[in-house]
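Note sheet for the following structure.
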There are 2 protein chains.
Amino acid sequence: MPDLLADHGGLRIDRSTKTLRERTVERLRDAILNFQFKAGDRLIERSLCEKLGVSRTVVREALRHLEAEGFVETLPQQGPAVAKPDIGQAAQVYEIRALLEAEAARAAARMATPADVARLAAANTAIQAAFADGTGRDVLRATTGFYELLFTIAGKSVAWQLVQGLNARINYLRAMTISRPNRSVDANAEMLRIVEAIARGDGRAAAKASFDHVEKVKNLAMAMLDTAQ
Amino acid sequence: MPDLLADHGGLRIDRSTKTLRERTVERLRDAILNFQFKAGDRLIERSLCEKLGVSRTVVREALRHLEAEGFVETLPQQGPAVAKPDIGQAAQVYEIRALLEAEAARAAARMATPADVARLAAANTAIQAAFADGTGRDVLRATTGFYELLFTIAGKSVAWQLVQGLNARINYLRAMTISRPNRSVDANAEMLRIVEAIARGDGRAAAKASFDHVEKVKNLAMAMLDTAQ
DNA sequence: TGCTGTATGATGGTATACCAACTGATGGCA
DNA sequence: TGCCATCAGTTGGTATACCATCATACAGCA
(Lines give C-alpha, C1' and ligand atoms only; values in the text may rest on other atoms or scores of the structure.)
Protein backbone atom coordinates (compact mmCIF):
# COMPACT_ATOMS: atom_id res chain seq x y z
CA MET A 1 0.00 0.00 0.00
CA PRO A 2 1.67 3.23 -1.01
CA ASP A 3 2.57 5.66 1.72
CA LEU A 4 0.48 8.67 0.85
CA LEU A 5 2.10 10.88 3.40
CA ALA A 6 5.72 10.42 2.52
CA ASP A 7 7.52 12.53 -0.01
CA HIS A 8 8.92 10.36 -2.79
CA GLY A 9 10.68 12.82 -4.97
CA GLY A 10 7.52 14.78 -5.74
CA LEU A 11 6.07 12.37 -8.31
CA ARG A 12 3.38 10.95 -6.11
CA ILE A 13 -0.20 10.94 -7.48
CA ASP A 14 -2.66 12.70 -5.22
CA ARG A 15 -5.71 10.47 -4.90
CA SER A 16 -7.21 11.99 -1.80
CA THR A 17 -10.82 12.69 -2.59
CA LYS A 18 -13.41 12.82 0.10
CA THR A 19 -15.92 10.08 0.62
CA LEU A 20 -19.60 10.88 0.74
CA ARG A 21 -19.41 10.17 4.45
CA GLU A 22 -16.67 12.76 5.04
CA ARG A 23 -18.60 15.38 3.13
CA THR A 24 -21.76 14.49 5.00
CA VAL A 25 -20.00 14.91 8.35
CA GLU A 26 -18.81 18.36 7.27
CA ARG A 27 -22.22 19.40 5.95
CA LEU A 28 -24.03 18.31 9.09
CA ARG A 29 -21.45 19.91 11.35
CA ASP A 30 -21.72 23.18 9.43
CA ALA A 31 -25.50 23.00 9.55
CA ILE A 32 -25.42 22.57 13.32
CA LEU A 33 -22.87 25.36 13.80
CA ASN A 34 -24.96 27.63 11.57
CA PHE A 35 -28.18 26.85 13.43
CA GLN A 36 -29.88 25.16 10.53
CA PHE A 37 -30.47 22.65 13.30
CA LYS A 38 -30.93 23.94 16.82
CA ALA A 39 -29.97 22.40 20.12
CA GLY A 40 -32.40 19.60 20.90
CA ASP A 41 -33.65 19.19 17.31
CA ARG A 42 -34.09 15.57 16.38
CA LEU A 43 -31.95 14.41 13.48
CA ILE A 44 -34.23 11.92 11.77
CA GLU A 45 -32.26 9.66 9.47
CA ARG A 46 -34.68 9.33 6.58
CA SER A 47 -35.30 13.06 6.62
CA LEU A 48 -31.58 13.77 6.47
CA CYS A 49 -31.28 11.26 3.60
CA GLU A 50 -33.79 13.25 1.60
CA LYS A 51 -32.14 16.58 2.37
CA LEU A 52 -28.61 15.39 1.64
CA GLY A 53 -29.38 12.95 -1.18
CA VAL A 54 -27.47 10.05 0.34
CA SER A 55 -28.33 6.64 1.79
CA ARG A 56 -29.02 5.84 5.42
CA THR A 57 -25.62 4.17 5.72
CA VAL A 58 -23.84 7.44 4.98
CA VAL A 59 -26.09 9.41 7.30
CA ARG A 60 -25.78 6.90 10.13
CA GLU A 61 -22.00 6.81 9.91
CA ALA A 62 -21.86 10.60 9.87
CA LEU A 63 -24.11 10.72 12.93
CA ARG A 64 -21.83 8.28 14.73
CA HIS A 65 -18.86 10.53 14.04
CA LEU A 66 -20.66 13.70 15.19
CA GLU A 67 -21.92 11.85 18.25
CA ALA A 68 -18.37 11.01 19.29
CA GLU A 69 -17.35 14.64 18.63
CA GLY A 70 -20.08 15.93 20.93
CA PHE A 71 -22.24 17.63 18.31
CA VAL A 72 -25.00 15.02 18.56
CA GLU A 73 -26.41 13.01 21.39
CA THR A 74 -28.46 9.87 21.09
CA LEU A 75 -31.01 8.90 23.69
CA PRO A 76 -32.22 5.32 23.73
CA GLN A 77 -35.58 4.84 22.03
CA GLN A 78 -35.46 8.42 20.93
CA GLY A 79 -32.72 8.64 18.37
CA PRO A 80 -30.16 11.30 17.58
CA ALA A 81 -30.60 15.00 18.32
CA VAL A 82 -28.41 18.08 18.31
CA ALA A 83 -26.50 18.13 21.60
CA LYS A 84 -27.79 20.32 24.38
CA PRO A 85 -25.53 20.24 27.44
CA ASP A 86 -26.84 20.86 30.92
CA ILE A 87 -25.56 23.69 33.04
CA GLY A 88 -22.96 21.56 34.83
CA GLN A 89 -21.42 20.30 31.62
CA ALA A 90 -21.52 23.75 30.06
CA ALA A 91 -19.62 25.21 33.01
CA GLN A 92 -16.95 22.54 32.69
CA VAL A 93 -16.67 23.14 28.95
CA TYR A 94 -16.01 26.85 29.54
CA GLU A 95 -13.41 26.01 32.22
CA ILE A 96 -11.49 23.72 29.90
CA ARG A 97 -11.66 26.26 27.11
CA ALA A 98 -10.28 28.88 29.46
CA LEU A 99 -7.29 26.67 30.29
CA LEU A 100 -6.54 25.72 26.70
CA GLU A 101 -7.05 29.19 25.25
CA ALA A 102 -4.97 30.84 27.97
CA GLU A 103 -2.15 28.41 27.27
CA ALA A 104 -2.42 29.09 23.55
CA ALA A 105 -2.34 32.84 24.15
CA ARG A 106 0.74 32.44 26.35
CA ALA A 107 2.54 30.42 23.67
CA ALA A 108 1.40 32.77 20.90
CA ALA A 109 2.89 35.72 22.79
CA ARG A 110 6.21 33.90 22.74
CA MET A 111 6.08 32.76 19.12
CA ALA A 112 4.17 35.43 17.20
CA THR A 113 5.96 37.37 14.47
CA PRO A 114 4.94 40.94 13.65
CA ALA A 115 3.09 39.51 10.64
CA ASP A 116 1.23 37.14 12.95
CA VAL A 117 0.24 40.02 15.21
CA ALA A 118 -1.04 41.96 12.23
CA ARG A 119 -3.12 38.96 11.18
CA LEU A 120 -4.56 38.62 14.69
CA ALA A 121 -5.45 42.30 14.75
CA ALA A 122 -7.16 41.90 11.38
CA ALA A 123 -9.04 38.84 12.64
CA ASN A 124 -10.23 40.89 15.61
CA THR A 125 -11.33 43.70 13.32
CA ALA A 126 -13.32 41.11 11.38
CA ILE A 127 -15.10 40.14 14.59
CA GLN A 128 -16.07 43.76 15.22
CA ALA A 129 -17.28 44.15 11.67
CA ALA A 130 -19.40 41.04 12.08
CA PHE A 131 -20.93 42.45 15.27
CA ALA A 132 -21.74 45.68 13.46
CA ASP A 133 -22.97 44.46 10.09
CA GLY A 134 -23.49 40.72 10.28
CA THR A 135 -25.55 38.09 12.03
CA GLY A 136 -24.73 36.09 15.12
CA ARG A 137 -23.63 33.41 12.74
CA ASP A 138 -21.09 35.80 11.20
CA VAL A 139 -19.75 36.71 14.64
CA LEU A 140 -19.30 33.05 15.58
CA ARG A 141 -17.53 32.40 12.30
CA ALA A 142 -15.22 35.40 12.71
CA THR A 143 -14.47 34.46 16.32
CA THR A 144 -13.63 30.93 15.21
CA GLY A 145 -11.27 32.43 12.63
CA PHE A 146 -9.52 34.46 15.32
CA TYR A 147 -9.00 31.46 17.58
CA GLU A 148 -7.93 29.19 14.77
CA LEU A 149 -5.22 31.71 13.96
CA LEU A 150 -4.24 32.01 17.63
CA PHE A 151 -3.84 28.24 18.02
CA THR A 152 -1.98 28.00 14.72
CA ILE A 153 0.50 30.68 15.77
CA ALA A 154 0.91 28.87 19.07
CA GLY A 155 1.52 25.57 17.24
CA LYS A 156 -1.25 23.81 19.13
CA SER A 157 -3.24 21.86 16.58
CA VAL A 158 -4.38 19.14 18.99
CA ALA A 159 -5.70 21.65 21.51
CA TRP A 160 -7.50 23.47 18.70
CA GLN A 161 -9.26 20.22 17.71
CA LEU A 162 -10.43 19.78 21.29
CA VAL A 163 -11.61 23.38 21.59
CA GLN A 164 -13.60 23.01 18.39
CA GLY A 165 -15.36 19.99 19.82
CA LEU A 166 -15.98 21.74 23.11
CA ASN A 167 -17.38 24.77 21.33
CA ALA A 168 -19.71 22.52 19.40
CA ARG A 169 -21.33 21.49 22.62
CA ILE A 170 -22.05 25.05 23.68
CA ASN A 171 -22.77 26.46 20.26
CA TYR A 172 -26.15 27.84 21.13
CA LEU A 173 -24.91 29.31 24.41
CA ARG A 174 -22.22 31.10 22.47
CA ALA A 175 -24.85 32.43 20.07
CA MET A 176 -26.87 33.68 23.02
CA THR A 177 -23.98 35.45 24.72
CA ILE A 178 -23.17 37.15 21.43
CA SER A 179 -26.65 38.54 21.11
CA ARG A 180 -26.60 40.25 24.52
CA PRO A 181 -26.96 44.04 24.48
CA ASN A 182 -23.55 45.76 24.57
CA ARG A 183 -21.71 42.48 24.12
CA SER A 184 -20.03 43.96 21.09
CA VAL A 185 -18.32 46.72 23.07
CA ASP A 186 -17.15 44.43 25.86
CA ALA A 187 -15.96 41.75 23.48
CA ASN A 188 -13.93 44.27 21.52
CA ALA A 189 -12.12 45.46 24.63
CA GLU A 190 -11.45 41.92 25.80
CA MET A 191 -10.06 40.69 22.48
CA LEU A 192 -7.95 43.82 22.15
CA ARG A 193 -6.33 43.04 25.51
CA ILE A 194 -5.34 39.63 24.15
CA VAL A 195 -3.94 40.97 20.88
CA GLU A 196 -2.01 43.77 22.60
CA ALA A 197 -0.45 41.42 25.15
CA ILE A 198 0.64 39.12 22.33
CA ALA A 199 1.97 42.08 20.36
CA ARG A 200 4.26 43.04 23.21
CA GLY A 201 5.26 39.44 23.84
CA ASP A 202 3.80 39.32 27.32
CA GLY A 203 2.75 35.71 27.68
CA ARG A 204 1.48 36.10 31.21
CA ALA A 205 -0.72 39.07 30.31
CA ALA A 206 -1.97 37.32 27.17
CA ALA A 207 -2.92 34.25 29.19
CA LYS A 208 -4.70 36.39 31.78
CA ALA A 209 -6.59 38.42 29.20
CA SER A 210 -7.67 35.25 27.43
CA PHE A 211 -8.65 33.53 30.65
CA ASP A 212 -10.64 36.56 31.83
CA HIS A 213 -12.45 36.75 28.50
CA VAL A 214 -13.64 33.16 28.71
CA GLU A 215 -14.59 33.61 32.37
CA LYS A 216 -16.67 36.60 31.30
CA VAL A 217 -18.60 34.73 28.63
CA LYS A 218 -18.95 31.71 30.92
CA ASN A 219 -20.61 33.89 33.56
CA LEU A 220 -22.94 35.36 30.94
CA ALA A 221 -23.87 31.88 29.76
CA MET A 222 -24.43 30.55 33.28
CA ALA A 223 -26.66 33.53 34.07
CA MET A 224 -28.73 32.77 30.99
CA LEU A 225 -29.07 29.10 31.84
CA ASP A 226 -30.16 30.01 35.36
CA THR A 227 -32.81 32.29 33.94
CA ALA A 228 -33.96 29.69 31.44
CA GLN A 229 -34.48 27.01 34.10
CA MET B 1 -42.07 10.85 23.49
CA PRO B 2 -41.58 10.19 27.18
CA ASP B 3 -38.81 12.08 28.91
CA LEU B 4 -36.55 9.32 30.10
CA LEU B 5 -34.41 11.60 32.19
CA ALA B 6 -37.05 13.27 34.27
CA ASP B 7 -38.23 11.90 37.55
CA HIS B 8 -41.95 11.18 37.44
CA GLY B 9 -42.66 10.02 40.93
CA GLY B 10 -40.26 7.08 40.66
CA LEU B 11 -42.49 4.77 38.59
CA ARG B 12 -40.62 5.11 35.35
CA ILE B 13 -39.59 1.91 33.55
CA ASP B 14 -35.87 1.67 32.86
CA ARG B 15 -35.42 0.52 29.26
CA SER B 16 -31.82 1.50 28.72
CA THR B 17 -30.08 -1.47 27.18
CA LYS B 18 -27.07 -1.12 24.98
CA THR B 19 -27.20 -1.55 21.25
CA LEU B 20 -24.84 -3.93 19.50
CA ARG B 21 -23.06 -0.87 18.21
CA GLU B 22 -22.45 0.55 21.72
CA ARG B 23 -21.10 -2.76 22.92
CA THR B 24 -18.91 -3.06 19.83
CA VAL B 25 -17.43 0.38 20.45
CA GLU B 26 -16.58 -0.63 24.01
CA ARG B 27 -15.10 -3.97 22.96
CA LEU B 28 -12.92 -2.43 20.28
CA ARG B 29 -11.80 0.39 22.54
CA ASP B 30 -10.86 -2.09 25.25
CA ALA B 31 -9.04 -4.26 22.72
CA ILE B 32 -6.99 -1.27 21.57
CA LEU B 33 -6.24 -0.13 25.12
CA ASN B 34 -5.22 -3.68 26.03
CA PHE B 35 -2.94 -4.02 23.00
CA GLN B 36 -4.93 -6.75 21.37
CA PHE B 37 -4.45 -4.36 18.47
CA LYS B 38 -1.26 -2.35 18.33
CA ALA B 39 -0.61 1.13 17.02
CA GLY B 40 -0.64 1.01 13.23
CA ASP B 41 -2.50 -2.33 12.99
CA ARG B 42 -5.08 -2.30 10.25
CA LEU B 43 -8.64 -2.87 11.41
CA ILE B 44 -10.10 -4.85 8.54
CA GLU B 45 -13.88 -4.77 8.63
CA ARG B 46 -14.68 -8.31 7.56
CA SER B 47 -12.07 -9.67 9.93
CA LEU B 48 -13.59 -7.71 12.83
CA CYS B 49 -17.03 -9.00 11.82
CA GLU B 50 -15.82 -12.55 12.21
CA LYS B 51 -14.14 -11.89 15.54
CA LEU B 52 -17.07 -9.96 17.02
CA GLY B 53 -19.92 -11.89 15.38
CA VAL B 54 -21.68 -8.80 14.05
CA SER B 55 -22.43 -7.32 10.65
CA ARG B 56 -20.33 -4.80 8.76
CA THR B 57 -22.84 -2.06 9.56
CA VAL B 58 -22.20 -2.42 13.28
CA VAL B 59 -18.43 -2.59 12.79
CA ARG B 60 -18.36 0.40 10.45
CA GLU B 61 -20.42 2.54 12.81
CA ALA B 62 -18.20 1.56 15.72
CA LEU B 63 -15.12 2.46 13.68
CA ARG B 64 -16.61 5.85 12.86
CA HIS B 65 -17.12 6.52 16.55
CA LEU B 66 -13.60 5.42 17.51
CA GLU B 67 -12.20 7.46 14.64
CA ALA B 68 -13.82 10.62 15.98
CA GLU B 69 -12.51 9.74 19.48
CA GLY B 70 -8.96 9.46 18.18
CA PHE B 71 -8.47 5.72 18.72
CA VAL B 72 -8.56 4.96 15.00
CA GLU B 73 -7.32 6.79 11.96
CA THR B 74 -8.41 6.18 8.40
CA LEU B 75 -6.11 6.83 5.51
CA PRO B 76 -7.64 7.11 2.06
CA GLN B 77 -7.35 3.93 0.00
CA GLN B 78 -5.93 2.21 3.01
CA GLY B 79 -8.75 1.91 5.46
CA PRO B 80 -8.87 2.13 9.24
CA ALA B 81 -5.93 1.41 11.54
CA VAL B 82 -5.15 1.91 15.20
CA ALA B 83 -4.00 5.50 15.66
CA LYS B 84 -0.30 6.23 15.86
CA PRO B 85 0.49 9.88 16.52
CA ASP B 86 3.72 11.53 15.44
CA ILE B 87 6.12 13.11 17.88
CA GLY B 88 4.66 16.60 17.50
CA GLN B 89 1.15 15.49 18.23
CA ALA B 90 2.28 13.29 21.09
CA ALA B 91 4.04 16.24 22.72
CA GLN B 92 0.91 18.35 22.45
CA VAL B 93 -1.20 15.54 23.89
CA TYR B 94 1.05 15.35 26.95
CA GLU B 95 0.92 19.14 27.38
CA ILE B 96 -2.86 19.20 27.36
CA ARG B 97 -2.99 16.28 29.77
CA ALA B 98 -0.65 18.14 32.08
CA LEU B 99 -2.97 21.16 32.12
CA LEU B 100 -6.16 19.19 32.65
CA GLU B 101 -4.73 16.83 35.25
CA ALA B 102 -3.10 19.64 37.19
CA GLU B 103 -6.39 21.49 37.28
CA ALA B 104 -8.18 18.33 38.43
CA ALA B 105 -5.61 17.78 41.17
CA ARG B 106 -6.04 21.38 42.33
CA ALA B 107 -9.81 21.02 42.50
CA ALA B 108 -9.56 17.60 44.14
CA ALA B 109 -7.37 19.08 46.89
CA ARG B 110 -10.15 21.54 47.61
CA MET B 111 -13.03 19.05 47.46
CA ALA B 112 -11.67 15.72 48.66
CA THR B 113 -13.13 14.20 51.82
CA PRO B 114 -11.00 11.94 54.05
CA ALA B 115 -12.78 8.98 52.47
CA ASP B 116 -11.82 10.29 49.02
CA VAL B 117 -8.20 10.59 50.09
CA ALA B 118 -8.25 7.02 51.38
CA ARG B 119 -9.64 5.85 48.04
CA LEU B 120 -6.93 7.73 46.15
CA ALA B 121 -4.24 6.21 48.33
CA ALA B 122 -5.72 2.77 47.70
CA ALA B 123 -5.80 3.44 43.97
CA ASN B 124 -2.13 4.41 44.12
CA THR B 125 -1.33 1.23 46.02
CA ALA B 126 -3.07 -0.69 43.27
CA ILE B 127 -0.75 0.95 40.73
CA GLN B 128 2.29 -0.16 42.70
CA ALA B 129 0.93 -3.68 43.01
CA ALA B 130 0.38 -3.76 39.26
CA PHE B 131 3.99 -2.67 38.68
CA ALA B 132 5.20 -5.41 40.99
CA ASP B 133 2.99 -8.35 40.04
CA GLY B 134 1.14 -7.46 36.88
CA THR B 135 1.69 -6.63 33.25
CA GLY B 136 1.99 -3.25 31.57
CA ARG B 137 -1.65 -3.64 30.79
CA ASP B 138 -2.45 -3.95 34.49
CA VAL B 139 -0.43 -0.83 35.26
CA LEU B 140 -2.27 1.18 32.60
CA ARG B 141 -5.60 -0.04 33.92
CA ALA B 142 -4.72 0.79 37.53
CA THR B 143 -3.41 4.22 36.50
CA THR B 144 -6.64 4.87 34.62
CA GLY B 145 -8.54 3.92 37.77
CA PHE B 146 -6.53 6.41 39.80
CA TYR B 147 -7.18 9.27 37.40
CA GLU B 148 -10.82 8.43 36.95
CA LEU B 149 -11.19 8.74 40.70
CA LEU B 150 -9.21 11.99 40.75
CA PHE B 151 -11.42 13.59 38.09
CA THR B 152 -14.56 12.28 39.78
CA ILE B 153 -13.55 13.80 43.12
CA ALA B 154 -12.78 17.04 41.31
CA GLY B 155 -16.19 16.95 39.62
CA LYS B 156 -14.67 17.19 36.15
CA SER B 157 -16.44 14.64 33.99
CA VAL B 158 -16.00 16.54 30.72
CA ALA B 159 -12.25 16.93 31.24
CA TRP B 160 -12.02 13.25 32.08
CA GLN B 161 -13.70 12.37 28.77
CA LEU B 162 -11.14 14.48 26.93
CA VAL B 163 -8.20 12.99 28.83
CA GLN B 164 -9.42 9.49 28.00
CA GLY B 165 -9.46 10.36 24.33
CA LEU B 166 -6.04 11.97 24.54
CA ASN B 167 -4.63 8.94 26.32
CA ALA B 168 -6.03 6.73 23.61
CA ARG B 169 -3.81 8.47 21.11
CA ILE B 170 -0.66 7.85 23.11
CA ASN B 171 -1.59 4.46 24.47
CA TYR B 172 1.48 2.70 23.19
CA LEU B 173 3.79 5.48 24.35
CA ARG B 174 2.32 5.14 27.79
CA ALA B 175 2.93 1.40 27.67
CA MET B 176 6.53 2.05 26.69
CA THR B 177 7.20 4.56 29.46
CA ILE B 178 5.78 2.10 31.96
CA SER B 179 8.15 -0.63 30.90
CA ARG B 180 11.28 1.49 31.47
CA PRO B 181 13.70 0.19 34.10
CA ASN B 182 13.07 1.80 37.51
CA ARG B 183 9.91 3.51 36.30
CA SER B 184 8.03 1.81 39.12
CA VAL B 185 10.08 3.55 41.83
CA ASP B 186 9.85 6.98 40.24
CA ALA B 187 6.15 6.65 39.49
CA ASN B 188 5.42 5.69 43.07
CA ALA B 189 7.16 8.76 44.43
CA GLU B 190 5.43 11.04 41.93
CA MET B 191 1.93 9.73 42.58
CA LEU B 192 2.53 9.85 46.33
CA ARG B 193 3.35 13.55 46.03
CA ILE B 194 -0.03 14.09 44.39
CA VAL B 195 -1.98 12.08 46.97
CA GLU B 196 -0.21 13.75 49.90
CA ALA B 197 -0.82 17.25 48.57
CA ILE B 198 -4.49 16.42 48.12
CA ALA B 199 -4.62 14.89 51.61
CA ARG B 200 -3.42 18.14 53.16
CA GLY B 201 -5.68 20.23 50.93
CA ASP B 202 -2.84 22.00 49.19
CA GLY B 203 -4.26 22.66 45.72
CA ARG B 204 -1.19 24.42 44.48
CA ALA B 205 1.15 21.62 45.52
CA ALA B 206 -1.23 19.00 44.11
CA ALA B 207 -1.32 20.82 40.78
CA LYS B 208 2.46 21.10 40.71
CA ALA B 209 3.02 17.44 41.61
CA SER B 210 0.56 16.36 38.94
CA PHE B 211 2.03 18.69 36.32
CA ASP B 212 5.58 17.53 37.12
CA HIS B 213 4.53 13.91 36.83
CA VAL B 214 3.11 14.36 33.35
CA GLU B 215 6.14 16.40 32.30
CA LYS B 216 8.31 13.52 33.48
CA VAL B 217 6.49 10.89 31.44
CA LYS B 218 6.32 13.26 28.47
CA ASN B 219 10.09 13.63 28.51
CA LEU B 220 10.50 9.85 28.73
CA ALA B 221 8.16 9.40 25.78
CA MET B 222 9.86 12.08 23.68
CA ALA B 223 13.24 10.50 24.35
CA MET B 224 11.91 7.17 23.15
CA LEU B 225 10.41 8.63 20.00
CA ASP B 226 13.70 10.37 19.25
CA THR B 227 15.52 7.09 19.62
CA ALA B 228 13.00 5.25 17.48
CA GLN B 229 13.31 7.67 14.58
C1' DT C 1 -68.04 12.79 25.54
C1' DG C 2 -64.37 10.11 27.17
C1' DC C 3 -61.84 5.95 27.23
C1' DT C 4 -59.87 1.92 25.25
C1' DG C 5 -58.36 -1.00 21.66
C1' DT C 6 -56.52 -1.53 17.20
C1' DA C 7 -54.25 -0.29 13.10
C1' DT C 8 -50.99 2.24 10.59
C1' DG C 9 -47.07 4.96 9.95
C1' DA C 10 -42.56 6.41 11.62
C1' DT C 11 -38.09 5.37 13.16
C1' DG C 12 -33.73 3.18 14.61
C1' DG C 13 -31.15 -1.30 14.55
C1' DT C 14 -29.05 -4.66 11.91
C1' DA C 15 -28.01 -7.56 7.95
C1' DT C 16 -26.74 -8.29 3.27
C1' DA C 17 -25.83 -7.24 -1.61
C1' DC C 18 -23.35 -4.97 -5.12
C1' DC C 19 -19.64 -2.39 -7.03
C1' DA C 20 -15.22 -0.21 -7.82
C1' DA C 21 -10.51 0.06 -6.76
C1' DC C 22 -6.49 -2.07 -5.32
C1' DT C 23 -3.17 -5.79 -4.33
C1' DG C 24 -0.93 -9.96 -5.01
C1' DA C 25 -0.14 -14.13 -7.51
C1' DT C 26 0.64 -16.59 -11.67
C1' DG C 27 1.73 -17.58 -16.33
C1' DG C 28 3.75 -16.49 -20.69
C1' DC C 29 7.18 -14.48 -23.50
C1' DA C 30 11.50 -12.45 -24.76
C1' DT D 1 15.57 -15.08 -15.49
C1' DG D 2 13.07 -10.97 -15.50
C1' DC D 3 9.24 -8.29 -16.89
C1' DC D 4 4.59 -7.56 -18.12
C1' DA D 5 -0.17 -8.66 -18.53
C1' DT D 6 -4.05 -10.80 -16.67
C1' DC D 7 -6.87 -12.69 -13.25
C1' DA D 8 -8.65 -13.55 -8.79
C1' DG D 9 -9.20 -12.20 -4.20
C1' DT D 10 -9.54 -8.49 -0.80
C1' DT D 11 -11.33 -4.36 0.91
C1' DG D 12 -13.92 -0.08 1.67
C1' DG D 13 -17.95 2.66 -0.04
C1' DT D 14 -22.68 2.85 -0.63
C1' DA D 15 -27.40 1.32 -1.21
C1' DT D 16 -31.37 -1.20 0.13
C1' DA D 17 -34.20 -4.59 2.64
C1' DC D 18 -36.23 -6.31 6.67
C1' DC D 19 -37.66 -6.20 11.36
C1' DA D 20 -38.99 -4.65 15.93
C1' DT D 21 -40.54 -1.02 18.65
C1' DC D 22 -42.97 3.04 19.47
C1' DA D 23 -46.19 6.80 18.64
C1' DT D 24 -50.28 8.60 16.85
C1' DA D 25 -54.78 8.56 14.93
C1' DC D 26 -59.21 6.69 14.47
C1' DA D 27 -63.24 4.02 15.51
C1' DG D 28 -66.33 1.90 18.59
C1' DC D 29 -68.63 1.48 22.85
C1' DA D 30 -70.44 2.77 27.27
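All chains are named by letter (A, B, ...) in the order of the sequence lines, taking the proteins before the strands, and each is independently numbered beginning at 1.
- When rounded to the nearest whole Å, the span between CD of A/E50 and C1' of D/dA15 equals 16 Å.
- In this structure, A/E45 places its CD atom 6 Å from C1' of C/dG12, rounding to the nearest Å.
- The distance between atom CD1 of A/I44 and atom C1' of C/dG13, rounded to the nearest whole Å, is 16 Å.
- In this structure, B/R46 atom CZ and C/dA17 atom P are separated by 11 Å, rounded to whole Å.
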- Query: Run the salt bridge (charged side-chain N to carboxylate O under 4.0 Å, His left out) check on B/R29 and B/E69 step by step: do they pass?
  - Reply: CA-CA 10 Å; B/R29 190 192 286 126; B/E69 280 187 342; 2.8 Å; yes
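- With hydrogens and angles ignored, the 3.5 Å screen pairs a side-chain donor or acceptor of A/D138 with a backbone N or O of A/T135.
- OP1 or OP2 of C/dA15 sits under 4.0 Å from a side-chain N or O of B/S55.
- No donor-acceptor pair under 3.5 Å is formed between the side chain of A/E101 and the backbone N or O of A/S210.
- Residues satisfying the salt bridge (Lys or Arg N to Asp or Glu O under 4.0 Å) criterion with B/R56, sequence neighbours excluded, are B/E45.
- Of the listed nucleotides (D/dT11, D/dT14, C/dT11), D/dT14 has the atom at the smallest distance from the side chain of A/T19.
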For this session: Go through the steps for A/R119 and A/D116 under the test salt bridge (charged side-chain N to carboxylate O under 4.0 Å, His left out), then give the verdict.
Result: CA-CA 5 Å; A/R119 278 194 281 276; A/D116 288 334; 2.9 Å; yes
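- We find that CD of B/E22 is positioned 11 Å from C1' of C/dG13, with the value rounded to whole Å.
- Per the geometry, CG belonging to B/L48 stands 11 Å off P belonging to D/dT11, to the nearest Å.
- B/R21 comes within contact range of the sugar-phosphate backbone alone, with a heavy-atom separation under 4.0 Å but no base atom that close.
- A donor-acceptor pair under 3.5 Å links the side-chain atoms of B/Q92 to the main chain of A/S157, judged by distance alone.
- If you check residues 56-66 of chain A against DNA chain C, the residues with a heavy atom closer than 4.0 Å are A/R56, A/R60, listed by number.
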